[in-house]
**Student:** 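Dropping a structure here in structure tokens format, bear with me for questions.
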Amino acid sequence: MQSANGMGKKKLIVIAGPTASGKSSVAVELAKLINANIISADSMQVYRGMDIGTAKITKEEMKGVRHYLLDEFAPDEAFNVAIFQKLAKQYIEEIHSHGNVPILAGGTGFYIQSVAFDSEFEEMEIDRTLRRELEKEYDELGAASFHEMLKKVDAGAAKSIHPNNKKRMVRALEYFRLTGERISEHNAKQRAKRSPYELYYFVLNMDREILYRRIDERVDKLVEAGLVEEVNSLLMQGYSRNLVSMQGLGYKEIAAYLEGEMSLEEAIYIIKRDTRHFAKRQWTWFKREPACRWVDISPKDSAQDVAKRILDVIKKDSSRIQEMKTHEDGV
RNA sequence: AGGGGAAUAGUUCAAUGGCAGAGCGACGGUCUCCAAAACCGUCAAUGGGGGUUCGAGUCCCUCUUCCCCUG
């Protein structure tokens with residue numbers, strides 16, 4: 001019998017948080033405690049050959065815990081939420097079928113949402129042409145006229161999307177043309193969804209000052225570890241600067257440096273700044289997600305400590321759900 | 001010490017004597033198929049004192065601070 005509060009549902013643990021908060025190692029420690037497997041929820045770590053810039057977890061750091069969705073794509077392959085969701089759902093099922101618990105770990109809130117709340121995406125692989133056309137139309141008509149056009153078919157979307165936001169303007173109209181449904185209505189429906197999982201959604205949280213310092217330090221370390229060489233090697237292999245994967249933090253800036261557009265110092269400054277901005281956007285995302293539980297950590301806490309604290313919360317919740325279940329059965 | 005120059009938002013720069021603006025930043029936010037992307041909003045300044053003028057960031061005097069040159 002399926003009902004609210006996770007009864008009858010399968011467990012899914014999420015370890016999220018801003019970049020450089022220590023998610024990866026906490027996820028590993030937690031996985032060791034409960035015999036779980038980890039699915040990476042990261043839009044950049046799926047790419048092979050992009051290791052240093054994405055601060056990808058190493059074999060040793062995995063400590064024998066199985067990780068999914070790392071290194072699955074070449075840097076010039078298309079990747080997006082829909083693809084992520086499809087694969088992640090497959091892996092979750094596979095992990096459950098082995099009797100293990102899946103941990104979704106990463107910083108891409110949008111991707112986590114798509115799995116944790118099972119967003120619906122239509123099949124639309126083929127339709128790159130329509131999007132191209134709409135993008136062209138947007139450029140030709142200008143933001144204001146395009147906005148008017150959208151308003152005629154989907155007033156709700158037109159109201160909530162800023163005319164300057166080309167990506168979402170185009171997407172909203174594309175969605176309508178493709179499905180005949182308004183994206184504003186679709187989104188409202190999706191937002192009302194409950195998780196199909198017994199969901200434990202944790203967000204690692206750290207003092208802002210401290211996190212920003214960690215980001216600066218990490219960028220310096222990445223450069224020392226050979227970020228420039230990594231980007232150079234990708235370019236030499238023929239991966240173009242305008243690939244989506246090459247828009248990742250650290251990659252576009254170092255590519256610009258290698259092309260002589262800026263000094264290395266400038267590139268490093270920009271990477272640090274933009275990574276801080278990124279962390280801020282991640283916070284904003286998780287803040288508006290009501291399912292999130294914030295785990296305050298300080299740099300002194302070891303990954304094991306944090307993992308234990310998280311496990312305590314899971315146990316408590318889990319036993320409450322169990323109680324409710326037996327109570328319901330007894331009635 | 002003498003001579004010259006500068007002083008405007010956290011920072012880099014704007015502003016015929018006529019409503020002090022912009023970029024970067026900091027802060028807040030949006031997000032349901034490019035999301036490490038894309039986009040929006042808010043904050044914040046004329047170094048101190050005097051004068052000229054209907055009106056001074058702008059002109060004059062003075063103090064302070066900084067830069068350059070000479071010694």
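Remember, predicted model here, so these are calculated numbers, not experimental data. Below, chain A is the first sequence line, B the second, and so on; all start at residue 1.
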**Student:** Specify the separation, in whole Å, of atom CZ of Phe278(A) and atom P of G29(B).
**Tutor:**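 Rounding to the nearest Å, CZ of Phe278(A) and P of G29(B) are 16 Å apart.
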
**Student:** Heavy atoms under 4.0 Å, any strand shown: does Glu135(A) hit a base, just sugar-phosphate, or nothing?
**Tutor:**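 Base contact - Glu135(A) has a heavy atom under 4.0 Å of at least one base atom.
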
**Student:** One thing to verify: whether Glu135(A) and Arg132(A) come together as a salt bridge, which I'm taking to mean a side-chain N less than 4.0 angstrom from a carboxylate O.
**Tutor:**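 So Arg132(A) does not pair with Glu135(A) through a salt bridge.
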
**Student:** Looking at Ser160(A), does any N or O in its side chain come under 4.0 Å of the phosphate oxygens OP1/OP2 on U30(B)?
**Tutor:**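 No, Ser160(A) has no side-chain N/O under 4.0 Å of OP1/OP2 on U30(B).
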
**Student:** Would you mind telling me which of G25(B), U32(B), C39(B) lies closest to the side-chain atoms of Tyr269(A)?
**Tutor:**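 Out of G25(B), U32(B), C39(B), the nucleotide with an atom closest to Tyr269(A)'s side chain is G25(B).
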
**Student:** Expressed as a whole number of angstroms, how long is the span from Leu249(A):CG to A36(B):P?
**Tutor:**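 Taking atom P of A36(B) as the reference, CG of Leu249(A) is at 9 Å.
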
**Student:** Any strand is fair game: report the nucleotide pairing with U30(B) by Watson-Crick or G-U wobble, both distances under 3.5 Å, or none.
**Tutor:**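 U30(B) is paired with A38(B).
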
**Student:** Between Asp51(A) and Lys56(A) (salt bridge meaning N to carboxylate O under 4.0 Å), is one present in this structure?
**Tutor:**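 Yes.
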
**Student:** Glu289(A) side chain to Ala291(A) main-chain N or O, any donor-acceptor pair under 3.5 Å?
**Tutor:**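 Yes.
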
**Student:** Considering every strand shown, what is the Watson-Crick or G-U wobble mate of C43(B) when both distances are under 3.5 Å?
**Tutor:**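 For C43(B), the partner nucleotide comes out as G25(B), under the 3.5 Å rule.
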
**Student:** Write down the partner of C54(B) under the Watson-Crick or G-U wobble criteria, each distance required to be under 3.5 Å.
**Tutor:**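 Here C54(B) is engaged in a pair, and the nucleotide opposite it is G18(B).
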
**Student:** So, is Arg276(A) near the phosphate of A26(B), with a side-chain N or O under 4.0 Å from OP1 or OP2?
**Tutor:**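 Looking at the OP1 and OP2 atoms of A26(B), one of them is under 4.0 Å from a side-chain N or O of Arg276(A).
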
**Student:** To the nearest Å, give me how far apart CG (Asn164(A)) and P (A37(B)) are.
**Tutor:**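 Going from CG in Asn164(A) over to P in A37(B) covers 18 Å.
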
**Student:** Taking the C1' atom of each, how far is C43(B) from G4(B), in whole Å?
**Tutor:**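 These two C1' atoms come out 38 Å apart once rounded.
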
**Student:** Ignoring backbone atoms, test whether His277(A) places a side-chain nitrogen or oxygen under 4.0 Å from the OP1 or OP2 oxygen of A26(B).
**Tutor:**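 Checking A26(B) against His277(A), a side-chain N or O does come within under 4.0 Å of OP1 or OP2.
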
**Student:** Just compare A38(B), A36(B), G28(B) and give me whichever is closest to any side-chain atom of Lys280(A).
**Tutor:**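 Comparing A38(B), A36(B), G28(B) against the side chain of Lys280(A), the answer is G28(B).
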
**Student:** Reading RNA chain B from 5' onward, which residue's closest nucleotide shows up sooner: Ser119(A) or Gln282(A)?
**Tutor:**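 Nearest nucleotide further toward 5': that of Ser119(A).
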
**Student:** Nearest-Å distance, CZ (Phe286(A)) to C1' (G28(B))?
**Tutor:**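 Checked: the CZ to C1' distance equals 18 Å.
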
**Student:** Is there a donor-acceptor contact under 3.5 Å linking the side chains of Glu148(A) and Ser145(A)?
**Tutor:**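 No.
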
**Student:** Counting heavy atoms from C-beta on, name the nucleotide in C34(B), A38(B), A35(B) closest to the side chain of Arg281(A).
**Tutor:**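 Of C34(B), A38(B), A35(B), A38(B) is nearest to the side chain of Arg281(A).
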
**Student:** If I pick the C1' atom on A56(B) and the same atom on A22(B), what distance separates them, to the nearest angstrom?
**Tutor:**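 Per the computed distance, 23 Å lies between those C1' atoms.
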
**Student:** Report the distance from atom CD1 of Ile161(A) to atom C1' of C39(B), rounded to the nearest whole Å.
**Tutor:**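 Result: 10 Å.
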
**Student:** With a 4.0 Å cut-off on heavy atoms, is Asp42(A) in touch with a base, just the backbone sugar-phosphate, or nothing at all?
**Tutor:**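 Here Asp42(A) touches the bases of the nucleic acid.
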
**Student:** Which part of the nucleic acid, if any, lies within contact of Gln247(A), taking any heavy atom under 4.0 Å across all strands shown: a base, the sugar-phosphate backbone alone, or nothing?
**Tutor:**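 Result for Gln247(A) = sugar-phosphate.
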
**Student:** Given the C1' atoms of A9(B) and U42(B), what is the spacing between them in whole Å?
**Tutor:**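 It works out to 14 Å between them.
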
**Student:** Would you mind telling me which residue lines up with the more 5' stretch of RNA chain B, Thr54(A) or Ser114(A), judged by nearest nucleotide?
**Tutor:**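 Upstream on the strand: Ser114(A).
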
**Student:** Give a yes/no answer on whether the side chain of Arg208(A) brings an N or O atom under 4.0 Å of OP1 or OP2 in G28(B).
**Tutor:**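 Affirmative; the distance criterion is met.
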
**Student:** Check this one for me: any side-chain N or O of Tyr111(A) less than 4.0 Å away from OP1 or OP2 of A35(B)?
**Tutor:**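 Tyr111(A) to A35(B) OP1/OP2: side-chain N or O found under 4.0 Å.
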
**Student:** May I ask you to verify whether the side chain of Arg168(A) and the base of U30(B) hold a donor-acceptor pair under 3.5 Å?
**Tutor:**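 It does, because a donor-acceptor pair links the side chain of Arg168(A) to the base of U30(B) below 3.5 Å.
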
**Student:** Is the shortest side-chain N to carboxylate O distance from Asp317(A) to Arg320(A) below 4.0 Å?
**Tutor:**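 Arg320(A) and Asp317(A): salt-bridged.
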
**Student:** Which listed nucleotide (A38(B), A37(B), G29(B)) is nearest to the side chain of Lys287(A)?
**Tutor:**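 Looking only at side-chain atoms, Lys287(A) lies closest to G29(B).
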
**Student:** Considering only the P atoms, how many Å lie between A26(B) and U11(B), rounded to the nearest integer?
**Tutor:**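 14 Å, rounded to whole Å.
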
**Student:** May I ask you to say what Gly250(A) touches in the nucleic acid, namely base, sugar-phosphate or nothing, with a heavy-atom cut-off under 4.0 Å?
**Tutor:**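 Since no nucleic acid heavy atom lies under 4.0 Å of Gly250(A), the category is nothing.
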
**Student:** For Tyr111(A) and Gln85(A), which I'm curious about, is there any donor-acceptor pair between the side chains at under 3.5 Å?
**Tutor:**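 Judged by distance alone, the side chains do not pair up.
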
**Student:** Taking CH2 from Trp285(A) and P from A38(B), how many angstroms apart are they, rounded to a whole number?
**Tutor:**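 To the nearest whole Å, that distance equals 16 Å.
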
**Student:** Tell me which nucleotide, if any, is Watson-Crick or G-U wobble paired with G71(B) when both distances must be under 3.5 Å.
**Tutor:**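 By the stated definition (distances under 3.5 Å), nothing pairs with G71(B).
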
**Student:** Rounded to whole angstroms, how far apart are CZ on Phe73(A) and P on C34(B)?
**Tutor:**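 Rounding to the nearest Å, CZ of Phe73(A) and P of C34(B) are 15 Å apart.
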
**Student:** Considering only NZ, NE, NH1 and NH2 on the basic side and carboxylate oxygens on the acidic side, decide whether Glu29(A) and Lys63(A) come within less than 4.0 Å.
**Tutor:**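 Salt bridge: yes.
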
**Student:** C1' atom, U16(B) versus G55(B): distance in rounded Å?
**Tutor:**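 So the two C1' atoms sit 15 Å from each other.
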
**Student:** Could you give the distance separating G57(B) and A20(B) at their P atoms, to the nearest angstrom?
**Tutor:**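 Pairwise P distance, A20(B) against G57(B), rounds to 8 Å.
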
**Student:** For A6(B), which nucleotide in any strand shown is its Watson-Crick or wobble partner with both distances under 3.5 Å?
**Tutor:**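 Result: U65(B).
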
**Student:** Between A35(B), C39(B), A36(B), spot the one nearest the side chain of Val244(A), thanks.
**Tutor:**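 Among the listed nucleotides, the one closest to the side chain of Val244(A) is A35(B).
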
**Student:** Indicate whether OP1 or OP2 belonging to G29(B) is found under 4.0 Å from a side-chain N or O atom of Thr284(A).
**Tutor:**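 Answer yes for this pair, as a side-chain N or O of Thr284(A) is under 4.0 Å from OP1 or OP2.
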
**Student:** Using a cut-off of less than 4.0 Å, is there contact between a side-chain N or O of Lys189(A) and OP1 or OP2 of U32(B)?
**Tutor:**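 Checking U32(B) against Lys189(A), no side-chain N or O comes under 4.0 Å of OP1 or OP2.
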
**Student:** From CE of Met169(A) over to P of A38(B), roughly how many Å is that when rounded to an integer?
**Tutor:**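 Atom-to-atom, Met169(A) to A38(B), this comes out as 17 Å.
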
**Student:** Atom NZ of residue position Lys151(A) - does it have more than 12 heavy atoms of other residues, nucleotides or ligands inside 6.0 Å?
**Tutor:**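 Not buried by this count: 12 neighbours or fewer within 6.0 Å.
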
**Student:** Using the P atom on both, measure U58(B) against A1(B) and round to a whole Å.
**Tutor:**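 Pairwise P distance, U58(B) against A1(B), rounds to 28 Å.
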
**Student:** Write down the atom of Asn164(A), the atom of Ala143(A), and the distance for their closest heavy-atom approach.
**Tutor:**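 That would be OD1-CB, 4.1 Å.
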
**Student:** Is any side-chain nitrogen or oxygen of Asn165(A) closer than 4.0 Å to OP1 or OP2 of A38(B)?
**Tutor:**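 No, because none of the side-chain N or O atoms of Asn165(A) sits under 4.0 Å from OP1 or OP2 of A38(B).
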
**Student:** So, is Lys252(A) near the phosphate of A37(B), with a side-chain N or O under 4.0 Å from OP1 or OP2?
**Tutor:**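 So the side-chain polar atoms of Lys252(A) do come within 4.0 Å of the phosphate oxygens OP1 or OP2 of A37(B), strictly under.
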
**Student:** Which whole number of Å gives the distance between the C1' atom of A45(B) and that of G25(B)?
**Tutor:**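 Straight-line distance between the two C1' atoms is 15 Å.
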
